[in-house]
Peer 1: 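Okay, here's the structure, questions in a sec.
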Amino acid sequence: MTVRTRFAPSPTGYLHIGGARTALFCWLYSRHHGGDFILRIEDTDRERSTEAAVQAILDGMAWLELAPDEGPFYQTQRFDRYREVAGKLLAEGHAFHCYCSKQELEAMRAEQMVRKEKPRYDGRCRRRKEPVPGVAPVIRFKNPEMGQTVVEDAVKGRVVFDNHELDDLIIVRSDGTPTYNFCVVVDDMDMRITHVIRGDDHLNNAPRQMNILKALGVTPPRYAHLPMILGPDGTKLSKRHGAVSVMQYREDGFLPEAVINYLVRLGWSHGDQEIFSREEMVKLFDIEDVNKSASAINPQKLLWINQHYIKNGDVPALAAELKWHLDRLGVDTAGGPSLEGLVKAQQERAKTLKEMAEGSRFFFEEVKEYEPQAAAKNLTADALPGLEALRAKFAALPDWSAAALHDVLNTTAESLGTKLGKLAQPVRVAVSGGGVSPPIDATLELLGRERSLARLDQAIGFIRKAG
RNA sequence: GCUCCCUUCGUCUAGAGGCCUAGGACGGAGCCCUCUCAAGGCUUAAACGCGGGUUCGAAUCCCGCAGGGAGCGCCA
């Protein structure tokens, strides 16, 4: 039997980081076993589902390269099928019409709460023979009253539920639309899902779904309930934690492979290994190895992994992503240094591509003002002789290369009797406007002779004016 | 309230009775390197929630407790 997993988000918002990990684990598990990964959009809540959210989920998955083998399937397009199955359940005595009003149900629950019982439907319409005139009924599944339902969960282990804890849940609303738990059951059956991998907030739904499946004469799939992902402070992830949408991570300068690598290590590990290629993940991943407990997101570690992938990444690909970020910053890259050159100069010192893009601005834009602190420290009268000497030598340099520039810097420092640092830092401030840049020789090379000389002149003028 | 789940350094985790004076990683601290920022190298602090058992021996097995979480909708 081939393994078939599914990722089944409801399109009520963007793809968030927890959903992304669920999708990843589903994808990995199916890949590991040479199976199929199915995408199903659970859009039965027409109030909250939006077209834009569907697109956001698709975009997020595409960015993370978690392509489904089948789908997306939409539950709203399968209503006829759900009604058909509900009819079958009804005909076979596994379901019944319930005419209770919402007020009646509320009153029942209130009473149960007073008695310190778990609020649940008490089965009062089970044996009703006659319809109630003028009332559109819902259809409820007739849940077994005796015995137990055992979930042999791949992550949580054996979980036992008493059937009397489970009530007769509504499978079709009074308006004829099917409910979530029922759609899931029919879909998982029809799509021949072998492994249901989802968040552990669904663990309590598993026995209900299994019972419906059994009534339908189908063997339930294997379940694997993943622990939740928490915010950095250990509380439930929410908007106030900042980036929750995976696309926000792109905007913040993260690489998809870094996000994936970070996510795979949340609740799963392989000895002491931290860095995994896609191929390694697929080869090593097993759902049985997933942890039971929730894990908090650690932004620092994500940053570290991202830096790893930038440092070791493919230069042309990084350059393309850098371009994307520069465009977002509104930087015109025409006529500037090569983006690949910028990547090479900065890939060891940028934690994110956004940071790299921001650090690249001065290569394309004029230095309009200096960082006050950097200028106060470095653009001083003391620095003037060095800047002037370099300006002259640079102008005369036949070969504008990092090596040649490095040479000039060294010999000038020597002849002036100063350390390289005393010479390089004022140059850095002059050409970049601030105190941080790649090595000064590489910076100058990338910036080009014309711009470099103009900025040295500008800085020299600045110092004279101040003096 | 009821049902279910979870509990190793701040965080992610290794650990499936002796290999554990509890290992790795991020972050922290210190040192080295250094033209800035980084990167890199080395060193270092830091954890088995608590209480009972079982056992010659428990982070690992059992039972309680405490704390955290999820679910209990004509939401998904």
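Scope of the values below: all heavy atoms of this structure, side chains included, with no hydrogens, waters or symmetry mates. Order of the sequence lines fixes the chain letters, A, B, ..., with proteins taken first and strands second; residue numbering starts at 1 for each chain.
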Peer 1: Between B/G71 and B/A76, how many Å separate the two C1' atoms, rounded to a whole number?
Peer 2: 13 Å
Peer 1: Using a heavy-atom cut-off of 4.0 Å across all strands, would you classify A/Ile440 as base, sugar-phosphate, or nothing?
Peer 2: base
Peer 1: Looking at A/Arg208, A/Lys142, A/Arg126, which hits salt bridge (charged side-chain N to carboxylate O under 4.0 Å, His left out) with A/Asp168?
Peer 2: A/Arg126
Peer 1: Whole Å only: how far is the CG atom of A/Asn204 from the C1' atom of B/C2?
Peer 2: 11 Å
Peer 1: With A/Arg140 as the cation and A/Tyr121 as the aromatic partner, state whether NZ or CZ is under 6.0 Å from the six-membered ring centre and within 45° of the axis.
Peer 2: yes
Peer 1: Return the value, rounded to whole Å, for the distance between atom NZ of A/Lys156 and atom P of B/A70.
Peer 2: 12 Å
Peer 1: Taking only the C1' atom of each, what is the distance from B/C20 to B/A70 in whole angstrom?
Peer 2: 34 Å
Peer 1: Determine: side-chain N/O of A/Ser269 to OP1/OP2 of B/A14, distance under 4.0 Å, yes or no.
Peer 2: yes
Peer 1: A/Asn306 has an atom CG; how far is it from atom P of B/C12, in whole Å?
Peer 2: 20 Å
Peer 1: Expressed in whole Å, how much space separates the C1' atoms belonging to B/G51 and B/U13?
Peer 2: 27 Å
Peer 1: Rounded to the Å, how far apart are A/Ile229 CD1 and B/G69 C1'?
Peer 2: 15 Å
Peer 1: With a 4.0 Å cut-off on heavy atoms, is A/Asp162 in touch with a base, just the backbone sugar-phosphate, or nothing at all?
Peer 2: nothing
Peer 1: Rounded to the nearest angstrom, tell me the gap between atom CD in A/Glu165 and atom P in B/G71.
Peer 2: 17 Å
Peer 1: Is there a side-chain polar atom (N or O) of A/Gln307 under 4.0 Å from OP1 or OP2 of B/A39?
Peer 2: yes
Peer 1: What does A/Lys422 touch in the nucleic acid at a heavy-atom separation under 4.0 angstrom: a base, only the sugar-phosphate, or nothing?
Peer 2: nothing
Peer 1: Please determine, for the side chain of A/Lys292, which listed nucleotide (B/G73, B/C6, B/C35) has the closest atom?
Peer 2: B/C6
Peer 1: Tell me which nucleotide among B/C35, B/U11, B/A76 gets nearest to the side chain of A/Asp45.
Peer 2: B/A76
Peer 1: Between B/G10 and B/A47, how many Å separate the two C1' atoms, rounded to a whole number?
Peer 2: 10 Å
Peer 1: So if I take every side-chain heavy atom of A/Asn298 and compare against B/G24, B/G10, B/C74, which nucleotide ends up nearest?
Peer 2: B/G10
Peer 1: Once you round it to whole Å, what is the distance between P of B/U3 and CG of A/Asn163?
Peer 2: 15 Å
Peer 1: Quantified in whole Å, what is the C1' atom distance between nucleotide B/U60 and nucleotide B/A22?
Peer 2: 12 Å
Peer 1: So, does A/Lys351 get its side chain near the phosphate of B/C37, meaning an N or O under 4.0 Å from OP1 or OP2?
Peer 2: no
Peer 1: Looking at every strand, decide which applies to A/Leu420 at a 4.0 Å heavy-atom threshold: base, sugar-phosphate, or nothing.
Peer 2: base
Peer 1: Mapping A/Val436 and A/Leu105 onto RNA chain B by nearest heavy atom, which one lands closer to the 5' end?
Peer 2: A/Val436
Peer 1: Using a 4.0 Å heavy-atom cut-off across all strands, classify A/His202 as base, sugar-phosphate, or nothing.
Peer 2: base
Peer 1: Does A/Ser295 make a side-chain donor-acceptor contact with the base of B/C12, cut-off 3.5 Å?
Peer 2: no
Peer 1: Considering only the C1' atoms, how many Å lie between B/A16 and B/U21, rounded to the nearest integer?
Peer 2: 22 Å
Peer 1: For A/Asn291, answer base if it contacts any base atom (sugar-phosphate contacts may also be present), sugar-phosphate if it contacts only those atoms, and nothing otherwise; contact means non-hydrogen atoms under 4.0 Å.
Peer 2: sugar-phosphate
Peer 1: Looking only at side-chain atoms of A/Lys118, point me to the closest of B/C35, B/G1, B/A39.
Peer 2: B/G1
Peer 1: Which value, in whole Å, describes the distance between the C1' atoms of nucleotides B/A45 and B/G30?
Peer 2: 11 Å
Peer 1: Would you say the side chain of A/Arg120 and the base of B/C72 hold a donor-acceptor pair, judged only by whether the two atoms sit under 3.5 Å apart?
Peer 2: no
Peer 1: Go through the N and O atoms of the side chain of A/Gln273 and the base of B/G24, and report whether any donor-acceptor pair is under 3.5 Å.
Peer 2: no
Peer 1: Taking only the side-chain heavy atoms of A/Ser293 (C-beta and beyond), determine which of B/A76, B/C5, B/U7 contains the nearest atom.
Peer 2: B/U7
Peer 1: Could you tell me whether A/Asp188 and A/Arg40 make a salt bridge, using a distance below 4.0 angstrom between a side-chain N and a carboxylate O?
Peer 2: yes
Peer 1: Once you apply a heavy-atom cut-off of 4.0 Å, does A/Ser10 come out as touching a base, just sugar-phosphate, or nothing?
Peer 2: sugar-phosphate
Peer 1: What is the nucleic acid contact for A/Val138, judged by heavy atoms within less than 4.0 Å: base, sugar-phosphate only, or nothing?
Peer 2: base
Peer 1: Return the 5'-most residue of the pair A/Met228, A/Cys100 with respect to RNA chain B, ranking by each residue's nearest nucleotide.
Peer 2: A/Met228
Peer 1: In terms of side-chain heavy atoms of A/Pro119, which of B/C74, B/G73, B/C35 is nearest?
Peer 2: B/G73
Peer 1: Does a distance-only test, which skips hydrogens and angles, find a donor-acceptor pair under 3.5 Å between the side chain of A/Asp201 and the base of B/G71?
Peer 2: no
Peer 1: What's the NE2-P distance between A/His270 and B/G24, to the nearest Å?
Peer 2: 18 Å
Peer 1: Using a heavy-atom cut-off of 4.0 Å across all strands, would you classify A/Pro9 as base, sugar-phosphate, or nothing?
Peer 2: nothing
Peer 1: Looking at every non-hydrogen atom in both residues, tell me the closest pair between A/Ala430 and A/Leu456 and how far apart they are.
Peer 2: CB-CD2, 4.1 Å
Peer 1: Give one of base, sugar-phosphate or nothing for A/Glu274, where a contact means two heavy atoms less than 4.0 Å apart.
Peer 2: base
Peer 1: Taking the cut-offs as 6.0 angstrom to the six-membered ring centre and 45 degrees off its axis, would you call A/Arg21 and A/Phe25 a cation-pi pair?
Peer 2: yes
Peer 1: Please classify the nucleic acid contact of A/Tyr262 as base, sugar-phosphate, or nothing, using heavy-atom distances under 4.0 Å.
Peer 2: nothing
Peer 1: Which whole number of Å gives the distance between the C1' atom of B/C26 and that of B/C9?
Peer 2: 12 Å
Peer 1: Looking at B/U36, I'd like to know if its phosphate oxygens (OP1 or OP2) sit under 4.0 Å from a side-chain N or O belonging to A/Ser437.
Peer 2: no
Peer 1: Counting side-chain heavy atoms from CB outward, which of B/C72, B/C26, B/U13 is closest to A/Gln300?
Peer 2: B/C26
Peer 1: Please tell me if A/Arg109 has a side-chain N or O lying less than 4.0 Å from either OP1 or OP2 of B/C74.
Peer 2: yes
Peer 1: Using a cut-off of 4.0 Å on non-hydrogen atoms, how would the nucleic acid contact of A/Gly199 be classed: base, sugar-phosphate, or nothing?
Peer 2: nothing
Peer 1: The side chain of A/Ile170 lies closest to which of these nucleotides: B/U3, B/C12, B/C74?
Peer 2: B/C74
Peer 1: Scan every strand shown for a Watson-Crick or G-U wobble partner of B/G57, both distances under 3.5 Å, and answer none if you come up empty.
Peer 2: none
Peer 1: Side chains of A/Glu280 and A/Gln273: is there a donor and an acceptor less than 3.5 Å apart?
Peer 2: yes
Peer 1: Nearest to the side chain of A/Ala296, heavy atoms from C-beta on, is which of B/C12, B/C74, B/A70?
Peer 2: B/C12
Peer 1: What does B/U11 pair with, Watson-Crick or G-U, if both distances are under 3.5 Å?
Peer 2: B/A25
Peer 1: Can A/Lys118 and A/Asp167 be counted as an ion pair, charged N to O under 4.0 angstrom?
Peer 2: no
Peer 1: With a 4.0 Å cut-off on N to O distance, would you call A/Lys311 and A/Glu348 a salt bridge?
Peer 2: no
Peer 1: Considering every strand and a 4.0 Å limit on heavy-atom distances, what is the contact class for A/Asp441: base, sugar-phosphate, or nothing?
Peer 2: base
Peer 1: Examine B/U13: is either OP1 or OP2 under 4.0 Å from a nitrogen or oxygen in the side chain of A/Lys301? Give yes or no.
Peer 2: no
Peer 1: For the pair A/Phe79 and A/Tyr82, name the ring-plane relationship: parallel under 30°, tilted 30 to 60°, perpendicular over 60°.
Peer 2: tilted
Peer 1: What is the separation between atom CG on A/Leu302 and atom P on B/G27, rounded to the nearest whole Å?
Peer 2: 12 Å
Peer 1: If you take the centroid of each ring, where Trp contributes its six-membered ring, are A/Phe141 and A/Phe182 closer together than 6.0 Å?
Peer 2: no
